[in-house]
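Note on naming: letters A, B, ... go to the chains in the order of the sequence lines (proteins, then strands), and numbering restarts at 1 for each one. None of these values were measured; they are calculated from a predicted model.
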Amino acid sequence: MSAPNIAERVREHIRQRLGQAVERATAQGWLMGVGRLDPREIPVEVPRDRAHGDFASTIAMVLARKVKEAPRAIAEVLARSFEYPSEYINTVEVAGPGFINFGVNTCWLHEAIIAAIEDGESYGRIDQGGGLKVQIEFVSANPTGPMNVVNARAAAVGDVLANLFDFAGYDVSREYYINDAGNQVDVLGESCEIRMRQLMGEDIPLPERCYKGEYISDLARRALEEHGEEIRRMDPGARREFFKEFALKAILEWQKASLERFGVRFDTWFSERVLVKAHEDEEVLDILRKGGFLYEKDGAVWFRSTDFGDDKDRVVVKSDGTTTYLLRDLAYHRNKFRRGFEHIIDIWGPDHHGYVARTRAGIQAMGYPPEAFEVLLLQLVTLYSGGEQVRMSKRAGEFITMDELIDDVGKDAARYFFVTRSTDSHLDFDLELARKESQENPVYYIQYAHARIASILRQASSMGISERPARLCRLDLLDQDVEKELARMICLLPDEVAAAVRERAPNRMARYALDLAGIFHNFYNKCRVIGEDEELMQARLALVRATKVVLANVLRILGISQPERM
RNA sequence: GCGCCUGUAGCUCAGGGGAUAGAGCAGCUGACUUCUAAUCAGCUGGCCGCAGGUUCGAUUCCUGCCAGGCGCGCCA
C-alpha cells in the first residue's frame with residue numbers, strides 16, 4: 001500500500017513534455033545534433049529557491065555542449081515548444097543562464113492534501129523497495145557493560161533508517177549481534193567473580209584487565225542475594241562460569257531495557273555463541289578451502305583476501321588453533337544470506353572501517369554478491385559537559401550511559417539530536433547545553449507544531465464544527481503563499497522519504513520535519529482557521545489536518561512522540 | 001608511512017555540479033484582549049581550510065598540500 005507520489009508524477013509529466021519539446025524543435029530545424037533523448041535522463045529538480053518556480057530543468061545547459069549554442073537560447077526554444085498549460089503546468093519561463101522554470105497548477109497541491117488526509121499513517125509510503133528483504137544490523141554493543149552514548153547514536157540512526165526502509169516499501173529486519181563468544185565475556189565473568197569475593201571479605205586485587213565499573217559490583221551483590229547459597233557450594237571453576245553467565249544475562253537484559261526505553265526494538269538478537277556451537281565458522285573454513293582461498297603460514301591459516309581487493313591477507317585460524325573474529329563474522333554474514341536477506345546493511349563505528357574490505361572479500365569468496373553487503377560507518381560522539389570533554393572508558397568505568405542520557409535530555413530530544421547530523425559527521429554533544437536549551441530544542445519546535453494543530457482541531461470540534469472531507473473543500477481558496485508552501489511540503493514527503501533512503505540519510509528527515517514545522521508556525525501567525533468564512537475555514541481545516549498527518553508520520557519515522565498538547 | 005571521515009556564520013551543523021550558500025543557538029529590534037508567545041517578523045554575522053585541475057558553470061567532482069578525529073593485531 002503506497003500513496004501516489006504526486007511530485008514524481010509531475011516530474012514525469014515535465015520530462016515527457018520536455019522530450020516532446022525537443023523533438024518538436026528538432027523537427028523545425030532547431031537544435032541540430034541533439035539526437036534522441038531518453039526522457040528519463042532529462043534533469044528535473046525542485047529548486048532550492050521558491051522564486052525559481054516549483055520545478056526546474058537544466059536541460060538547456062546540458063544540451064549546450066552537444067548543440068554548441070548558448071544555453072539561454074536553447075532554453076528559449078524549448079520553452080516556446082513546450083506545450084502548456086497542461087493538467088499540471090501553468091507557467092514556463094526561462095531564467096538565469098538557461099534554467100527552464102515551471103510553475104505548477106495548484107491542483108497538484110490539492111491532490112496531496114487529499115491524499116494525506118485519506119491515507120493517514122500510510123501517506124508518504126512509496127513502493128521503491130518492492131518488498132526486497134533488507135536486514136539492518138546495528139548497535140551490537142559488547143555485552144560487558146551498559147549502553148553508552150555512541151551506542152545510543154547507533155540505535156537512533158539504525159532505527160530511523162529501518163523505519164525509512166519500511167516506509168519505502170522494503171521488508172526490513174532489525175538485528176542485534178551479541179558478541180558473547182570472545183574472551184571479553186570471560187573477563188566479564190572474572191571481574192564479577194572477583195568483586196563477589198571482595199564482598200565476601202577476601203583481600204584480593206582486581207586485575208588490570210578487568211572491568212572496573214560500579215555496575216560490576218552491583219551485579220556481584222545481586223548474584224549473592226539471589227544465589228548466595230549455590231555460589232558458596234560451587235568450586236572455583238563452576239563459580240567463574242556461573243558469574244560469566246549471570247553477568248552476561250543481566251547485562252543483556254539491561255541493554256534490552258535501555259533500548260526499549262529509547263524506543264528501539266530488534267526483530268532478532270543473534271548470538272555469536274550459537275553460531276559457533278553450530279560449527280558455522282568451520283563450515284566457512286571448508287568453503288574457503290574448497291575455493292582455494294586458504295593457505296598456511298607461520299602455523300596459522302590465512303585467507304587470501306587480497307584476491308578480492310583487500311590490502312593484505314588475513315588470519316582466520318590462529319596458530320593456537322582458535323578462530324579469529326573475522327572468521328566468525330564471515331560465518332555470521334553467511335548466516336544472514338542463508339536466512340534469505342537480499343540486502344545487508346551493517347552500521348559500524350569508524351574504528352572498524354578496516355574490516356569492510358576483508359569482510360566483503362570473504363562474502364565474495366563464499367559466493368555471495370558483494371554489492372548486497374553494505375557498511376554504514378557511523379562517526380563517533382564526543383561528549384562535552386560545560387565545554388569540557390568527557391572522556392569515556394569502559395574499563396575505567398567512566399561513561400555516561402544511555403539511561404543517564406535519556407534521564408537527562410529525554411528520549412525525544414536525544415533521538416532527534418543523534419539523527420540530525422549526517423552519519424559521517426562527528427557529533428559533539430554538550431550535555432549541559434542540551435539540558436539548558438531543552439526549552440528551545442528543535443524537537444520541541446516540531447512537536448509544538450503538531451500540538452498546535454491538535455489544539456485547533458480540538459477547538460473546532462468542541463465548537464461543533466465538523467470537518468468536511470477534503471475533496472469536497474474549496475481548496476482553491478488556499479491561495480496565500482504560506483498556504484501553498486505548506487501544501488507543497490506535504491507533496492514532497494514521498495520524495496523526501498525516497499531521498500533519505502537512497503542516501504541512507506536519516507538526517508534528511510530531521511531537516512524536513514524542522515522545515516515543515518517552520519512553515520506551519522509561519523502559517524499559524526498569518527492565517528486563522530476557526531472563525532473564517534465557512535468555505536475558507538473548511539479548506540484550512542483540511543490543510544491543517546493534512547499537515548498534522550505529515551508531521552505525525554515524520555515524527556513516527558524519527559521515533560519521536562507526537563504530543564496532542566504541550 | 002597507508003586507509004577512512006571531517007574542515008562552510010561567534011558556536012553546533014545542513015547543502016554535495018547550477019541561479020543571491022542555509023538552519024538552529026548566541027547577539028540586537030519589534031509582535032500576545034486572537035485557534036497554545038515552546039511562536040512569529042526583522043537586523044547583524046561568510047576568501048565554503050589553501051593551491052591547482054576538469055567545464056558553459058565548482059562550496060560541491062579530481063589531484064596535491066595544511067589542520068583535526070579514527071583506524072592500520074594470529075584482539076573483539
Taking only N/O atoms, report every protein-nucleotides 53-60 of chain B pair under 3.5 Å with atom names and distance.
from: B/C56; atom 1: N4; to: A/Arg65; atom 2: NH2; distance (Å): 3.1

Using nucleotides 5-10 of chain B, report all nitrogen or oxygen pairs with the protein that are shorter than 3.5 Å.
from: B/C5; atom 1: O2'; to: A/Asp424; atom 2: O; distance (Å): 2.6

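For the pair A/Glu535 and A/Arg540, the salt-bridge criterion is not met [side-chain N within less than 4.0 Å of a carboxylate O].
In this structure, A/Tyr524 places its OH atom 10 Å from P of B/A38, rounding to the nearest Å. Following rounding to the nearest Å, A/Asp311 (CG) and B/C4 (P) show an atom-to-atom distance of 10 Å.
The phosphate of B/A38 (OP1 or OP2) has a side-chain N or O of A/Tyr448 nearer than 4.0 angstrom. Distances shown here put a side-chain N or O of A/Arg328 below 4.0 Å from the OP1 or OP2 atom of B/A76. Regarding contacts with the backbone of B/C40, a side-chain N or O of A/Tyr445 is found under 4.0 angstrom from either OP1 or OP2. Between A/Arg511 and B/C13 there is no side-chain N or O to OP1 or OP2 distance below 4.0 Å.
Paired runs in RNA chain B that reach 3 or more consecutive Watson-Crick or G-U pairs, where each pair keeps both distances under 3.5 Å, cover B:1-7 with B:66-72, B:10-13 with B:22-25, B:27-31 with B:39-43, B:49-53 with B:61-65.
The same atom, C1', is picked in B/G15 and in B/G3; the two are 27 Å apart, to the nearest Å.
Comparing B/G24, B/C35, B/C75 by their nearest atom to the side chain of A/Lys318 picks out B/C75.
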